[in-house]
Amino acid sequence: MQGSNKIVNSLIWKFLERFGTVGIQFVIQIFLARLLGPSDYGVIALITVFITISNVFVQTGFNTSLIQQSDVQIEDYSSVFWMSIIIASLCYAVLFVSSPVIASFYSMPILKEVLRILGLTLFFGAYNSIQIAKISREFKFRMLFFSSLIGMVISGFIGIIMAYNNFGVWSIVFQQLSSQIVTSLVLYFEVDWHLEFKFNILRIKKLFGFGSKLLVSSLIDVLYNNLYNLIIGKVYSASQLGYYNRADQFPNLIVSNVNGSIQSVILPALSEKQDSIDEVRAMVRKSMSLSSYIIFPLMIGMAACAEPLVLLILTEKWLACVPLLRLLCFSYMLWPIHTANLQAINALGRSDIFLKLEIIKKIIGIITLIVSIPFGVIVMVFMKIVTGVISTFINAYPNVKLLRYNILDQFKDIFSAFVISVIMGIIVFLFDNIISGFGISIIARCALDAFIGFVIYLILSVIVKNKSFDYLINIIKVRK
């Protein structure tokens, strides 16, 4: 019971951290999107590809190993930190030297300086990843809540002030850089781990044995996911990439935070129970059911009222991203199933299976992407849904044997949430189309859509006696 309470408390703090940053990011993006244009976001979207790829080498693998391994020693943190700094330095050097070539390839001279400045986030990310690993192992997510919140508020203020004073793309650059810096400072004072000049190559080798496969898996995943940005930016234009980037940001922001909150708590919890298949299976089922129950209605609801949402947040100049937003909502809706299965595989120490799955999925994804390029951005995004559905079955297959958790059982665990979400989405879509003809304000239109969707979803949850709904209600009662 004590372990269960620890997980619930951690989950609550993780949700607070994620939703706190989501709320602040939401407000920041409203201001920035109104002050900046699609081409500005197109530039940042391209730069982010190269920074994200570099971050895979810096943070992925060792960080997850620190969380997953049961016998982590205090010197492991310092060893991983120094290894991460070495890797960050090498990656930054490559970015610095190659930035003129990248700028020339995309015919965007500004990419050169932006890449060199934003690349500095690699060093702060290396430090933060160690602190976050320690927080995760000790389930002290309250610390992460405060550091993320403070970092987001200060960096958001900097970004908005710069955008208001016509700094353009540099507003986003310094907003992202200052966020990493402030978060690092807060974590330095909050987390009970400080830098030491210790480096144990034997411990690094052991951690790398597990982390290397995750690193390769993450690299494949990041390269594949960012192919869309690279191709749209080259084949089409910075503005088209800006529309895609804005459409992708909102479902990504919600899903990565909600799903990420659950999974970041579940991974260390699963790792603690990795010797008991029955306990791991029960936790994976709970994780999948709960995250699906929360994410399904959010994604379907966002797709249903995408037009008024874009008008309210981004203004009329961004309406071209509405069809993309709707398609991406359905693509991100599959994330809870993907991550629950993959986290279970990682927690059981089977990173070899994880890597094989990533290779198979990406081969399929690249084929569908290449086929769709000539038909435009909308068809490219639609094929992401097709690939996502196929990947769902691929990710679920290993756990039939590892956890005795077959695909049919997984489908049963999410079926209720899916059905009531679809019903809710249809009603909200029809309702929005009706009230749009009455000339009411966009704010009122969005508020009514959200209210109707929320009420209908709650009513349907009660009618079908959804288990995740009952679970959340019980948590609220216990907390009171």
Side-chain angles (χ1 to χ4, degrees), residues 11-12 14-16 18-20 22-23 25-26 247-263 266 285-310 312-313 322-340 384-385 388-389 392 410-435 445-476:
L11 195 54
I12 290 171
K14 192 63 184 176
F15 268 125
L16 286 173
R18 293 281 187 163
F19 279 109
V22 165
Q25 279 181 300
F26 187 73
D248 181 74
Q249 183 187 29
F250 292 109
N252 185 304
L253 189 67
I254 292 173
V255 173
S256 62
N257 281 283
V258 175
N259 197 50
S261 297
I262 295 173
Q263 301 307 328
I266 290 298
R285 296 189 73 164
K286 182 74 71 176
S287 170
M288 187 181 296
S289 300
L290 183 61
S291 53
S292 298
Y293 178 76
I294 297 171
I295 288 173
F296 283 0
L298 289 174
M299 291 298 97
I300 292 178
M302 181 179 287
C305 57
E307 183 181 322
L309 192 64
V310 169
L312 174 65
I313 299 173
V322 169
L324 299 173
L325 173 59
R326 284 179 170 148
L327 289 173
L328 285 165
C329 284
F330 288 102
S331 175
Y332 278 107
M333 196 173 74
L334 300 170
W335 271 33
I337 311 166
H338 296 321
T339 52
K384 288 189 77 170
I385 301 175
V389 172
T392 300
Q410 293 188 25
F411 181 74
K412 289 178 181 178
D413 287 338
I414 65 170
F415 182 72
S416 171
F418 176 75
V419 171
I420 61 178
S421 295
V422 169
I423 295 172
M424 177 273 296
I426 293 172
I427 294 173
V428 169
F429 180 78
L430 295 174
F431 176 78
D432 180 71
N433 277 272
I434 292 172
I435 64 174
R445 187 174 160 189
C446 287
L448 286 170
D449 286 343
F451 177 75
I452 292 296
F454 180 73
V455 171
I456 290 172
Y457 194 66
L458 285 184
I459 292 173
L460 291 174
S461 296
V462 174
I463 292 173
V464 302
K465 298 179 180 178
N466 184 277
K467 292 181 179 179
S468 293
F469 173 74
D470 293 336
Y471 177 70
L472 291 173
I473 293 300
N474 289 332
I475 288 178
I476 294 171

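Quantities reported herein were computed from a predicted structural model and do not represent experimental measurements.
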Is it true that atom CZ of F431 has more than 12 heavy atoms of other residues, nucleotides or ligands lying nearer than 6.0 Å? yes

Can you measure from [atom1] ([X]) to [atom2] ([Y]) and round to the nearest 0.5 angstrom?
{"X": "C305", "Y": "I300", "atom1": "SG", "atom2": "CD1", "result": "12.0 Å"}
{"X": "S291", "Y": "H338", "atom1": "OG", "atom2": "NE2", "result": "11.5 Å"}
{"X": "L324", "Y": "S331", "atom1": "CG", "atom2": "OG", "result": "12.0 Å"}
{"X": "D413", "Y": "K467", "atom1": "CG", "atom2": "NZ", "result": "7.5 Å"}
{"X": "F296", "Y": "L334", "atom1": "CZ", "atom2": "CG", "result": "7.0 Å"}
{"X": "C446", "Y": "I313", "atom1": "SG", "atom2": "CD1", "result": "7.0 Å"}

Of the non-hydrogen atoms in [X] and [Y], which two are nearest, and what is the gap between them?
{"X": "V428", "Y": "G453", "answer": "CG2-CA, 3.6 Å"}
{"X": "L325", "Y": "P251", "answer": "CD1-CD, 3.5 Å"}
{"X": "P336", "Y": "I295", "answer": "CG-CD1, 3.5 Å"}
{"X": "E307", "Y": "R326", "answer": "N-NH2, 4.1 Å"}
{"X": "A304", "Y": "G425", "answer": "CB-O, 3.5 Å"}

Expected list for residues 456-463: side-chain donor-acceptor pairs under 3.5 angstrom, two or more places apart:
unit_1	atom_1	unit_2	atom_2	d
Y457	OH	Y293	O	2.7
S461	OG	Y293	OH	2.7
S461	OG	Y457	O	2.7

State, with a plain yes or no, whether a side-chain heavy atom of P308 is found less than 4.5 Å away from one of D432. yes

Is the shortest heavy-atom distance from the side chain of D449 to the side chain of I435 under 4.5 Å? yes

For F454 and M424: C-alpha separation, side-chain torsions, deciding distance, then whether side chain to side chain contact (heavy atoms under 4.5 Å, CB included) applies. CA-CA 8 Å; F454 180 73; M424 177 273 296; over 6 Å; no

From the list M299, Q249, M302, K384, side chain to side chain contact (heavy atoms under 4.5 Å, CB included) with L328 holds only for K384

